[in-house]
Enquirer: 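Here it is, the structure, as structure tokens.
Basis for what follows: all heavy atoms, side chains included, without hydrogens, waters or symmetry-related copies. Residue numbers run from 1 in the order of the sequence given.
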Amino acid sequence: MGRGIVPRRGRPGDEQVVAVSAGVAPDDGDDANVPTDPRPERDPRPPTLAVVVSLAAAAVASLAALIAAPTGGALLAAATVGLLAGALRRSHRVLSWAAGIGVVGLAVAGYRGGGVEALLVGGVALAVAWDAADHGLSVGEQVGREARTGRNVAVHAGTTLLAGALSVGVVYGVYLAAAGSQPVAALALLLFGAVALASALR
């Protein structure tokens with residue numbers, strides 16, 4: 001054990017010598033030159049509300065397609081899984097592939113004689129599901145998941161739902177007036193409604 005050093009009178013540098021001898025390194029002020037950022041790193045994942053809205057709408061689309069035709073419902077269920085995977089992987093391409101699988105599912109359900117009402121509901125729900133997921137990715141990339149985006153996501157989803165409902169209303173009205181119960185005409189009108197809805201959304 002070393003003997004403690006007693007500072008001498010009249011010599012101001014002795015106190016620093018005592019500190020060094022005790023094993024305490026002096027602060028040379030170098031830490032002040034290191035830049036520090038108190039802000040946390042931004043989370044680029046999509047907002048939770050956007051993911052929930054997308055999955056809920058996809059579930060409605062799957063149920064509608066299942067009512068129309070079981071095969072179509074199975075394809076819409078696969079599309080729902082794809083939408084979730086696209087949101088988790090933050091991939092617009094995966095979302096597009098999932099939406100494409102959903103459209104194929106609706107087409108198969110229509111080909112197998114599914115009800116027009118169920119197909120139209122499934123089409124609108126699928127459009128809302130894909131648009132909510134895609135918008136959520138964009139919001140997450142721009143402002144981050146922790147930002148207050150609930151109102152933006154809700155308004156965007158509501159606008160998409162309103163545009164889809166109006167488009168479907170027009171399509172279904174024309175179908176009742178002109179096509180009756182002809183399945184080929186129903187599919188043609190459904191395709192026209194999908195194109196009109198896509199134009200309104202983009």
Enquirer: Of all residues at least two apart in sequence or in a different chain, which pass the side-chain contact (heavy atoms from CB on, under 4.5 Å) check with V104?
Expert: L75, V108
Enquirer: Only pairs at least two apart or in different chains count here, so list each side-chain hydrogen bond (donor to acceptor under 3.5 Å, both in side chains) that has a residue in residues 50-61.
Expert: none
Enquirer: Looking only at heavy atoms, what is the nearest atom pair of A99 and W130, with distance?
Expert: CB-CD1, 3.6 Å
Enquirer: Of all heavy-atom pairs between G136 and A50, which one has the smallest distance, and what is that distance?
Expert: CA-CB, 3.7 Å
Enquirer: Indicate every side-chain donor-acceptor pair of residues 57-73 with a distance under 3.5 Å to a residue at least two apart or in another chain.
Expert:
{"unit_1": "S62", "atom_1": "OG", "unit_2": "A58", "atom_2": "O", "d": "2.9"}
{"unit_1": "S62", "atom_1": "OG", "unit_2": "L76", "atom_2": "O", "d": "3.2"}
{"unit_1": "S62", "atom_1": "OG", "unit_2": "T80", "atom_2": "OG1", "d": "3.2"}

Enquirer: Specify the closest pair of heavy atoms between A154 and L49, including all atoms of both residues, with the distance to one decimal.
Expert: N-CD2, 4.4 Å
Enquirer: Taking all heavy atoms of L106 and all of L119, pick out the closest pair and write down the distance.
Expert: O-CD2, 3.7 Å
Enquirer: Closest heavy-atom contact between V139 and P47?
Expert: CG1-CG, 3.8 Å
Enquirer: What's the separation between atom CG in L161 and atom CG in L166, rounded to the nearest 0.5 Å?
Expert: 9.5 Å
Enquirer: Restricting to side-chain contact (heavy atoms from CB on, under 4.5 Å), what partner residues turn up for A98, sequence neighbours left out?
Expert: L83
Enquirer: According to a 4.5 Å side-chain heavy-atom criterion applied to Ile, Leu, Val, Met, Phe, Trp and Tyr, with indirect links allowed, do V94 and W97 form part of one hydrophobic cluster?
Expert: no
Enquirer: If I take atom CZ from residue R89 and atom CG from residue L137, how far apart are they, to the nearest 0.5 angstrom?
Expert: 12.0 Å
Enquirer: Could you measure the distance from the CG atom of D134 to the NE2 atom of H156? Nearest 0.5 Å is fine.
Expert: 7.5 Å
Enquirer: Among all residues two or more places apart in sequence or in another chain, which pass the side-chain contact (heavy atoms from CB on, under 4.5 Å) test with R151?
Expert: V155
Enquirer: For the residue pair V124 and G164, what are the closest heavy atoms and their distance?
Expert: CG2-O, 3.6 Å
Enquirer: Evaluate the criterion side chain to side chain contact (heavy atoms under 4.5 Å, CB included) for residue pair R45 and V51; output intermediate values, then yes/no.
Expert: CA-CA 10 Å; R45 292 180 299 173; V51 178; over 6 Å; no
